[in-house]
Number of protein chains: 2
Amino acid sequence: MTLGVREHVQESSRADILEAAANCFMERGYTETSIDDVARSLGATKGRIYHHFRSKADIFAEVFRVGMEMNYAAIERYRAMSDPVARWRHMAFAHAIQMITTKPFQRTVWVGVKMHLRGATTPEQRSVFAELIEYRTNYGNVFRETLVEGRESGDFRFDDLSIANQLMFVVLNSPIFWYSPRVGETRADIEDLARKVVTAAYRGLGGKEEQSTP
Amino acid sequence: MTLGVREHVQESSRADILEAAANCFMERGYTETSIDDVARSLGATKGRIYHHFRSKADIFAEVFRVGMEMNYAAIERYRAMSDPVARWRHMAFAHAIQMITTKPFQRTVWVGVKMHLRGATTPEQRSVFAELIEYRTNYGNVFRETLVEGRESGDFRFDDLSIANQLMFVVLNSPIFWYSPRVGETRADIEDLARKVVTAAYRGLGGKEEQSTP
DNA sequence: TGATGAACATACTACCGGGTATGTTGTCAA
DNA sequence: TTGACAACATACCCGGTAGTATGTTCATCA
């Protein structure tokens, strides 16, 4: 379980650029972010960026990929748990923690999904993008399957699986929109936030009254 | 309670432009939407648009305002209800219906809020925008106050008011991201969707087991 | 009937931003 | 020592877009 950006990117200079780009994409969106913006936030110029990446879309795709890789890594150890509710709780908590601690990357993933949904990609990017979206879809399916099992076991109560899944994810993902770090914030504070988010999502799924969260 | 765009915009040509613009802003976002795009979707040219609006930002602000006006109109009749839970249920349901039926305008409001949060506005637009955001904040407070009363009466159970409010809104607003109209869809189908959304939000707030929704 | 203005269309300008072509500097190996 | 290459910076090109300036058409009214 390696959650940082560094562990998922080979060269240090590339990682710096990706982090800066993720921040810009989060703050200004894809189109509003110019390569010069990213360069300026690094105290550099375009030259440096185009030395490491072929295009703006290329950078974007990399940020997306790294974001998803970190998510997979975060839930990996819980995927084999037998009890669906316990599995869901652990995965949901890990997911929420990821949304908070790697917010710029997760916002970029969000932007990417929306871009793909409206087909705002060039033909060549098309295949790369499709692969990333599939990556993300598979990740979502890990949760979805857990919802199915949880409903069968009588632990969750909802009519429509797709809607329940959508609503669950908007809650678990929501910190990428409203969370902002506080001064002097500790790991415990962040975990407390994540717990509140998981609790709300759990209740929304019609889960039984709360046990403790990891 | 007038929910349509026509009832909130004086001239018909202006209303047409606003509707087309709302669709474009929803599909492509603010920056990605060119004035020519909006004009083309109307079978017209820039000339028509700049005859009715002074700038792109001006159109955007109008779409925002109309979107919010429709929302206010939708919940108006329920605001005076004494029972907080019943009030919340009616307002939440009306809100969810609005998210579904006026999706392009509501997505534009969403985009506008995000733009303001990152300060992507020019100085003059600044005051207009601030006013719109305040408009939206007041709307949110109507719900927030209901949450406070509902918690005091023991009907809702949550620790943090701000977080509960955030999570409630992301659920109620979520249809603007995942809803898309089906062929042959009836009003009853839409109300059924809204009911599911409201139920999930209600549960997330720690509401008691369900009565019927309006 | 002709003058006037609303409601557009057309033609043009200025600028911004992605991408490229070409320097410049430091490092390392032969 | 040099030459070769990585790792950038600088200078430039060019397509797209907000905004403007200037037609054009049609209805209305004196």
Side-chain angles (χ1 to χ4, degrees), chain A residues 9-25 27-64 108 111-112 115 118-126 128-129, chain B residues 9-25 27-64 108 111-112 115 118-126 128-129:
Chain A
V9 178
Q10 46 286 55
E11 307 167 60
S12 164
S13 187
R14 270 179 77 94
D16 289 338
I17 294 174
L18 289 178
E19 266 192 334
N23 268 305
C24 290
F25 289 143
E27 290 170 2
R28 292 187 276 276
Y30 182 74
T31 312
E32 291 91 333
T33 296
S34 73
I35 300 289
D36 290 307
D37 285 337
V38 179
R40 199 175 316 123
S41 74
L42 285 166
T45 65
K46 277 165 126 110
R48 175 167 171 194
I49 299 197
Y50 278 100
H51 178 72
H52 290 280
F53 297 91
R54 287 187 306 189
S55 69
K56 185 180 172 183
D58 195 26
I59 302 174
F60 187 79
E62 263 304 290
V63 174
F64 190 124
T108 303
V111 171
M115 282 178 63
R118 65 176 192 254
T121 47
T122 69
E124 331 119 5
Q125 295 158 19
R126 198 79 191 158
V128 178
F129 238 86
Chain B
V9 178
Q10 46 285 56
E11 307 166 60
S12 164
S13 188
R14 269 179 77 92
D16 289 339
I17 294 174
L18 290 178
E19 265 191 336
N23 268 306
C24 289
F25 289 143
E27 289 170 3
R28 292 187 277 277
Y30 181 74
T31 312
E32 291 93 333
T33 296
S34 73
I35 299 288
D36 289 308
D37 284 337
V38 179
R40 198 175 316 125
S41 75
L42 285 166
T45 65
K46 278 168 125 105
R48 176 168 172 193
I49 300 200
Y50 279 100
H51 178 72
H52 289 281
F53 298 90
R54 288 187 305 189
S55 70
K56 185 179 172 183
D58 195 27
I59 302 174
F60 187 78
E62 264 304 290
V63 175
F64 191 124
T108 303
V111 171
M115 281 178 62
R118 65 176 192 254
T121 47
T122 70
E124 332 118 5
Q125 295 158 18
R126 198 79 190 159
V128 179
F129 237 85

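Being a predicted model, the structure only gives us computed values, none of them experimental. Chain letters run A, B, ... following the sequence lines, proteins first and then strands; every chain starts at 1.
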Starting at atom CG of A:D36, determine the distance to atom C1' of D:dA11, rounded to an integer number of angstrom. 13 Å

Atom CG of B:L42 and atom C1' of C:dA9: how far apart are they, to the nearest Å? 14 Å

Sugar-phosphate, base or nothing in reach of B:T45, heavy atoms under 4.0 Å: base

Exercise: do A:S13 and A:R48 side chains pair donor with acceptor under 3.5 Å: yes

For A:T31, which contact category applies under a 4.0 Å heavy-atom criterion: base, sugar-phosphate, or nothing? nothing

Looking only at D:dA18, C:dG19, D:dC8, the nucleotide nearest the A:R48 side chain is D:dC8

Nearest-neighbour nucleotide for the A:K46 side chain, D:dA9, C:dG19, D:dA7 considered: C:dG19

Any B:S13 side-chain N or O less than 4.0 Å from OP1/OP2 of C:dA7: no

Residue closer to the 5' end of DNA chain D, B:I35 versus A:H52 (nearest nucleotide): A:H52

Are the side chains of B:F25 and B:V111 in contact, using a 4.5 Å heavy-atom criterion? no

When you measure from the side chain of B:T33 to the backbone of B:C24, do you find a donor-acceptor pair of N or O atoms at a distance under 3.5 Å? yes

Rounded interatomic separation in angstrom, taking CZ from A:R40 and C1' from D:dA9: 15 Å

Residue pair A:D37/A:R54 against DNA chain C: nearer the 5' end by closest nucleotide is A:D37

Anything under 30° is parallel, anything over 60° is perpendicular, the rest tilted; go ahead and classify A:Y30 against A:F60. perpendicular

Atom OH of A:Y50 and atom P of D:dC12 are separated, to the nearest Å, by 19 Å

Whole-Å distance separating the NZ atom of B:K56 from the P atom of D:dG19: 8 Å

Out of D:dA18, D:dA7, C:dC8, minimum distance to the side chain of A:H51 belongs to D:dA7

